[in-house]
Amino acid sequence: MSAVRNTEAAGGDPAAADLLVHGGTVLTVDAGGTVLADGAVAVRNGEIVAVGAAAGLRAAYRAAEEIDATGCLVLPGLVNTHTHLAMTLLRGHADDLDLQGFLGRVVPRENALLSPEAVTAGLRLAIAESVRGGVTTALDMYWFHEAAERTARDAGWRLLSGPTFMDVPGPPDRMPYGNRMAWARGHLDGRVPSPGTRPVVFAHSAYTLDTAQLTDIAALAREHGALLHLHAAENANEVATVRERHGKRAVELLESLGLLGPDTLLAHAVELTDTEIAALAATGTGVAHCPVSNLKLGSGIAPVPELLRQGVRVGLGTDGAVSSNSLDMVGALGLAALVHKAGGDPTAVGAEQAVRMATIEGARALGLGGQLGSLEVGKRADLAVLDLGGTHLAPRHDPWSTLAYSARAGDVRDTVVDGRVLMRGRRLTTLDEAAAAAEAEALVRAV
């Protein structure tokens, strides 16, 4: 990446831009790891049109809106590759349990609580928390996705969601499994494409679906060019349950059914054999690594260093705010850089790799690496400005290390999605977060 990427403002009058972010250290997260000490990003129509030295871009562009990032780190918006956003409503409801105990506590409460209105309230709270932490994109598996999508659209936030399949008695949406395929196809057929997104189909897991259902769901996803997202190999008990039901381990089963591939993303992938890791690599299947929830539920530590060594695309996720208690992606990337060192290798996952998993590798895991995840010309203008003024960040020797080992979600000062400033100076511009918190609190207390 050159010092200035700009194809139309090399001379003459300044070109028009909608937004110019200038004066900070720009961590592009491009292939070469370019860092601009006094850099700038120019945006027009939701797209990055130039990245380069601040002085050059300030001369080259006349922007309708500016963000002075002096004393800050400018980075790509964080990409949450696995979450259940409206579970903010259940935060603190099921702590200190393993996965199976957690599900036993949460599912009945979901059945009583959830509705389109409840999901809307939970989403507003989740978006406010995410924007405050510099998260600009999330892959959200949950019920009443139409309400979630409307809420995210109203807030100007990038959400990837879609129909969820889970064959269990009395699901929160009260839709019998037999009706789901027609409903999902109708949603996918009527979906209006937009930059920086893609259709998604969610098959909850191999322990809640039979092989015929899994095969049909995968065929639906492929028919629509959709990402297929599943929980898989989350802990040893889950693997045993899948083996008891299907006669194969979770990833082994998915491979036998032809469900692995570059348009499949597995959440967790903790309990993997060497053969299964090789299968993920050979098929181009992605993994959403959720270190916080995996530790909190006692599920274990995913073999991320080996996945990376074999070339598997690994993004980061928070999981839901009931299993991780927060949607803090800065914290998740910091933990991802630390937890894998427990085996004795301090280089197992380094600072730069952890930042990449939270940005460009997460975008690649979603199949959107050409549009999101780095600050490069032609990509969507999703970015965060992180205030470097805190004493816990001084002195600053390396921006990758600062972000991975020292920064906190609360250091994020400004968040931009598709060129729209959703938080400026730590004030949200499209959501009333106090009202969102009060609405969620009242809703939970009433049920």
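Both backbone and side-chain heavy atoms feed into the values below; hydrogens, waters and symmetry mates do not. Predicted model, so just to flag it, every value in this text is computed and none were measured.
In this structure, Ser401 contributes its side chain and Asp398 its backbone to no donor-acceptor pair below 3.5 Å. When atom types are taken as modelled, the side chain of Asp140 and the backbone of Ser161 share no donor-acceptor pair closer than 3.5 angstrom. Using modelled atom types, no side-chain atom of Arg158 and backbone atom of Val417 make a donor-acceptor pair closer than 3.5 Å. Without hydrogens or angle criteria, Arg313 side chain to Leu265 main chain gives no donor-acceptor distance under 3.5 Å. Asp98 contributes no side-chain N or O that, together with a main-chain N or O of Gly298, makes up a donor-acceptor pair within less than 3.5 Å. In terms of modelled atom types and a separation under 3.5 Å, the side chain of Glu238 and the main chain of Glu234 share a donor-acceptor contact. With hydrogens and angles disregarded, no donor-acceptor distance shorter than 3.5 Å links the side chain of Lys379 to the backbone of Gly373. Side-chain atoms of Trp143 do not come within 3.5 Å of backbone N or O of Ala86 as any donor-acceptor pair.
Taking OG1 of Thr318 as the reference point, atom CG of Leu327 lies at 4.5 Å (rounded to 0.5 Å). Atoms CD1 and CG, from Ile217 and Leu259 in turn, are 8.5 Å apart once rounded to the nearest 0.5 Å. Note that the OG1 atom of Thr215 and the CG atom of Leu220 stand 12.5 Å from one another [nearest 0.5 Å]. Taken to the nearest 0.5 Å, the OG1 atom of Thr151 stands 13.0 Å off from the CZ atom of Phe144. With rounding to the nearest 0.5 Å, the separation of CD in Glu433 from CE in Met423 is 9.0 Å. Once rounded to the nearest 0.5 Å, the distance linking CZ of Arg309 with CD of Glu306 reads 4.5 Å.
Electrostatic pairing of Asp414 and Arg424 does not count as a salt bridge here, judged by no charged N lying under 4.0 Å from a carboxylate O. Salt-bridge annotation for Arg356 and Glu352: present, with a side-chain N of the basic residue lying under 4.0 Å from a carboxylate O of the acidic one. Between Arg150 and Glu146, no side-chain nitrogen of the basic residue sits less than 4.0 Å from a carboxylate oxygen of the acidic one, so the salt-bridge criterion is not met. The pair Asp263-Arg198 meets the salt-bridge criterion, since a charged nitrogen lies less than 4.0 angstrom from a carboxylate oxygen.
Annotation: Arg408, atom CZ; neighbour count of heavy atoms from other residues, nucleotides and ligands within 6.0 Å does not exceed 12. The number of heavy atoms from other shown groups lying within 6.0 Å of CZ (Arg427) does not exceed 12. Annotation for Asp345: atom CG counts as buried by contact number, over 12 foreign heavy atoms lying within 6.0 Å.
Minimum interatomic distance between Val447 and Ala112 (heavy atoms only, all atoms of both residues): CG1-O, 3.5 Å. Across every non-hydrogen atom of Gly71 and Asp387, the tightest pair is O-OD1, 4.0 Å. The shortest non-hydrogen separation linking Gly196 to Leu368 is O-CD1, 3.6 Å. Listed here is the closest heavy atom pair of Leu139 and Thr81: CD2-O, 3.3 Å. When every heavy atom of Ile48 is checked against every heavy atom of Leu375, the shortest pair comes out as CD1-CA, 3.9 Å. The heavy-atom pair separating Val79 from Ala363 by the smallest distance is CG1-N, 4.1 Å.
Counting heavy atoms from C-beta on, the side chains of Arg132 and Arg426 come closer than 4.5 Å.
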Yes or no on side-chain contact (heavy atoms from CB on, under 4.5 Å) for Leu280 and Leu260, after CA distance, side-chain angles and deciding distance?
CA-CA 7 Å; Leu280 298 182; Leu260 301 184; 4.2 Å; yes
Let's go through Arg420 and Asp418 carefully: what are the C-alpha distance in whole Å and the side-chain angles of both, what is the deciding distance for side-chain contact (heavy atoms from CB on, under 4.5 Å) to 0.1 Å, and is it a yes or a no?
CA-CA 6 Å; Arg420 183 179 182 184; Asp418 256 346; 5.5 Å; no
Tell me, with the steps shown, if Asp167 and His204 meet side-chain hydrogen bond (donor to acceptor under 3.5 Å, both in side chains).
CA-CA 9 Å; Asp167 192 7; His204 179 270; over 6 Å; no
Steps toward side-chain contact (heavy atoms from CB on, under 4.5 Å) verdict (Val29, Thr34)
CA-CA 7 Å; Val29 197; Thr34 304; over 6 Å; no
How far apart are the C-alpha atoms of Arg180 and Asp173, what are their side-chain angles, what is the distance that settles it, and do they pass the salt bridge (charged side-chain N to carboxylate O under 4.0 Å, His left out) test?
CA-CA 11 Å; Arg180 284 190 182 278; Asp173 62 3; 2.6 Å; yes
Which is it for Tyr142 and Leu85 under the side-chain contact (heavy atoms from CB on, under 4.5 Å) test, yes or no, and what are the steps along the way?
CA-CA 7 Å; Tyr142 212 49; Leu85 289 170; over 6 Å; no
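Scanning for side chain to side chain contact (heavy atoms under 4.5 Å, CB included) contacts around Asn179 gives Met175, Pro176, with sequence neighbours left out. Take Gln353 and apply the side chain to side chain donor-acceptor pair (under 3.5 Å) test, not counting sequence neighbours, and it matches no residue. Annotation: side chain to side chain donor-acceptor pair (under 3.5 Å) contacts of Tyr177 (sequence neighbours excluded): none. The side chain to side chain donor-acceptor pair (under 3.5 Å) test applied to Asp432 returns no partner, not counting sequence neighbours. In this structure, the side chain to side chain donor-acceptor pair (under 3.5 Å) partners of Ser194, at least two apart in sequence or on a different chain, are Thr197. Residues meeting the salt bridge (charged side-chain N to carboxylate O under 4.0 Å, His left out) test with Arg364, sequence neighbours left out: Glu361.
Taking the six-membered ring where the residue is Trp, His84 and His231 present parallel rings, their angle staying beneath 30° rather than reaching 60°.
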Atom pairs and distances, donor-acceptor, side-chain atoms in residues 388-397, under 3.5 Å, two or more places apart:
unit_1, atom_1, unit_2, atom_2, d
His392, NE2, Asp411, OD1, 3.1
His392, NE2, Asp411, OD2, 2.9
Arg396, NH1, Leu388, O, 3.0

Quiz: residues 100-108 side-chain donor-acceptor pairs under 3.5 angstrom, not counting sequence neighbours:
unit_1, atom_1, unit_2, atom_2, d
Gln100, OE1, Asn235, ND2, 3.2
Arg105, NH1, His93, O, 3.1

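Here side-chain hydrogen bond (donor to acceptor under 3.5 Å, both in side chains) pairs that include residues 239-249, with residues two or more places apart or in two chains, are Arg249-Glu276. Among pairs with a residue in residues 305-331, none fulfils ring pair (Phe, Tyr, Trp, His ring centres under 6.0 Å), at least two apart in sequence or across chains. The side-chain hydrogen bond (donor to acceptor under 3.5 Å, both in side chains) pairs that include a residue from residues 288-303 are Asp95-Lys296, His268-Asn294, His289-His340, Ser293-Asp319, Lys296-Asn325, where partners are two or more places apart or lie in different chains. Residue pairs meeting the side-chain hydrogen bond (donor to acceptor under 3.5 Å, both in side chains) criterion with at least one member in residues 121-131, sequence neighbours excluded: Arg91-Glu129, Arg124-Glu439.
Side-chain N/O atoms of Ser326 and Asp328 include no donor and acceptor closer than 3.5 Å. Looking only at atom types and distance, the side chain of Thr273 has no donor-acceptor partner in the side chain of Thr275 under 3.5 Å away.
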